[in-house]
Amino acid sequence: MKQFIARSACLMAFSASALACSYHNASPAEVDKLSISKTSFSVSDGAGMVTSLATLKNASADSVRDVMLEVKYFDASHVLIDTVTQSVDELVVPASGEVAFRISDLASRPKEAYASQEIRIVSAEAIKPHRKPSPSVMSRVLDFLYSWGPMLLLVGVYIYFIKRANGKDSPQNRMMVLLESQSAHLDAQLRLLERLAVAAEAQASRSGPHAPG
């Protein structure tokens with residue numbers, strides 16, 4: 001019985017965890033719903049690294065990841081002097097949210113040459129919820145059995161043992177039959193003893209001593 005209950009509990013836990021699992025698929029994001037704001041950049045003196053800081057806003061209904069960005073750097077005359085293209089793989093922007101990011105690369109010009117920048121979103125990947133097909137009747141029945149089968153089985157076993165305990169062959173009923181049989185046997189013995197006592201009294205009265213004439 002204990003092994004049966006343990007197996008039923010494991011089955012219920014497995015079915016619950018299987019129903020709780022969810023999946024996602026990816027597709028190209030709508031770049032026109034993504035925008036860049038709060039931009040700034042800096043160039044280091046020592047190693048000559050150019051670093052751009054900005055915030056990516058996502059106005060779509062899906063989360064966005066694997067964003068490919070292109071940064072163009074210009075001099076004081078707005079002449080293009082450097083271009084950096086990087087994929088920010090660790091960047092995940094939630095739907096209708098915004099996330100700050102950073103891009104760094106080696107500078108191809110001296111620090112004094114960098115005057116402004118322009119950041120363009122080349123591509124991105126949208127994370128869409130996986131839509132499962134509408135379940136059939138058989139799948140619904142199986143889901144119901146996985147969810148409620150162990151509980152219904154426990155209830156059925158409980159009812160079976162209750163009926164068995166209250167049936168004709170139950171230990172309680174056998175004990176009652178035995179007690180009734182013993183009681184009837186004792187009643188018969190008492191009646192027999194009463195008859196013997198009455199007979200003994202009658203015989204004693206008939207064989208008693210005669211009075212003198």
Side-chain angles (χ1 to χ4, degrees), residues 9-148:
C10 291
L11 181 58
M12 293 179 66
F14 172 77
S15 61
S17 61
L19 292 177
C21 293
S22 59
Y23 303 91
H24 296 83
N25 55 6
S27 62
E30 300 179 29
V31 180
D32 58 342
K33 292 187 177 181
L34 304 177
S35 60
I36 301 295
S37 63
K38 303 176 183 178
T39 61
S40 64
F41 75 95
S42 63
V43 183
S44 61
D45 295 327
M49 297 291 295
V50 57
T51 302
S52 295
L53 301 175
T55 299
L56 177 61
K57 293 184 177 182
N58 179 16
S60 65
D62 302 318
S63 298
V64 173
R65 66 182 180 186
D66 296 340
V67 182
M68 179 70 71
L69 298 170
E70 180 187 63
V71 185
K72 293 182 178 181
Y73 298 96
F74 302 91
D75 60 9
S77 301
H78 201 70
V79 177
L80 180 64
I81 60 174
D82 197 358
T83 301
V84 176
T85 303
Q86 284 187 8
S87 176
V88 190
D89 298 331
E90 70 277 6
L91 182 65
V92 177
V93 186
S96 302
E98 60 180 32
V99 174
F101 65 91
R102 180 180 62 181
I103 292 179
S104 296
D105 202 356
L106 289 174
S108 60
R109 300 293 181 89
K111 176 180 179 180
E112 296 76 11
Y114 291 83
S116 61
Q117 69 173 354
E118 292 180 3
I119 303 178
R120 183 176 68 92
I121 302 171
V122 178
S123 63
E125 189 176 81
I127 307 174
K128 296 181 177 292
H130 177 71
R131 295 181 180 179
K132 297 182 179 180
S134 57
S136 60
V137 177
M138 182 60 66
S139 64
R140 291 178 181 176
V141 172
L142 291 176
D143 289 340
F144 176 79
L145 291 177
Y146 281 134
S147 302
W148 296 100

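Side-chain atoms are counted along with the backbone in the values below, which use heavy atoms only and exclude waters and symmetry mates.
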Separation between OG (Ser35) and CD (Glu98), nearest 0.5 Å, reads 8.5 Å

CG on Asn58 to CD on Glu30, rounded to 0.5 Å
9.5 Å

Go through the steps to decide whether Val64 and Ile127 satisfy the test side-chain contact (heavy atoms from CB on, under 4.5 Å), and finish with yes or no.
CA-CA 6 Å; Val64 173; Ile127 307 174; over 6 Å; no

If you take all heavy atoms of [X] and [Y], which pair is closest and at what distance?
X      : Y      : answer
Asp75  : Ser116 : O-OG, 4.5 Å
Leu80  : Asp82  : CD1-O, 3.4 Å
Ala95  : Ser63  : N-OG, 3.7 Å
Ala115 : Phe41  : C-CZ, 3.7 Å
Leu91  : Val99  : CD1-CG1, 3.3 Å

Does the side chain of [X] reach to within under 4.5 Å of the side chain of [Y], using non-hydrogen atoms?
X      : Y      : answer
Ser52  : Tyr73  : yes
Thr51  : Arg102 : yes
Leu69  : Thr85  : no
Gln117 : Phe74  : no
Lys57  : Ser37  : yes

Go through the steps for Val50 and Val43 under the test side-chain contact (heavy atoms from CB on, under 4.5 Å), then give the verdict.
CA-CA 4 Å; Val50 57; Val43 183; 4.0 Å; yes

Starting from the C-alpha separation in whole Å, work towards a yes-or-no answer on side chain to side chain donor-acceptor pair (under 3.5 Å) for Ser42 and Tyr114.
CA-CA 9 Å; Ser42 63; Tyr114 291 83; over 6 Å; no

Report the C-alpha separation of Ser60 and Asp62 in whole Å, then their side-chain angles, then the decisive distance to 0.1 Å, and conclude whether the side chain to side chain donor-acceptor pair (under 3.5 Å) test is met.
CA-CA 6 Å; Ser60 65; Asp62 302 318; 5.5 Å; no

Could you tell me whether a side-chain N or O of Ser44 sits under 3.5 Å from a main-chain N or O of Met49, the two making a donor and an acceptor?
yes

Return yes if some donor-acceptor pair links the side-chain N/O of Gln86 with the main-chain N/O of Ser104 below 3.5 Å, else return no.
yes

So Val71 and Thr83, side-chain contact (heavy atoms from CB on, under 4.5 Å) or not? Walk me through it.
CA-CA 6 Å; Val71 185; Thr83 301; over 6 Å; no

Under the salt bridge (charged side-chain N to carboxylate O under 4.0 Å, His left out) criterion, do Glu118 and Lys72 qualify, and how do the steps go?
CA-CA 5 Å; Glu118 292 180 3; Lys72 293 182 178 181; over 6 Å; no

Walk me through whether Ile36 and Thr55 qualify under side-chain contact (heavy atoms from CB on, under 4.5 Å).
CA-CA 6 Å; Ile36 301 295; Thr55 299; over 6 Å; no

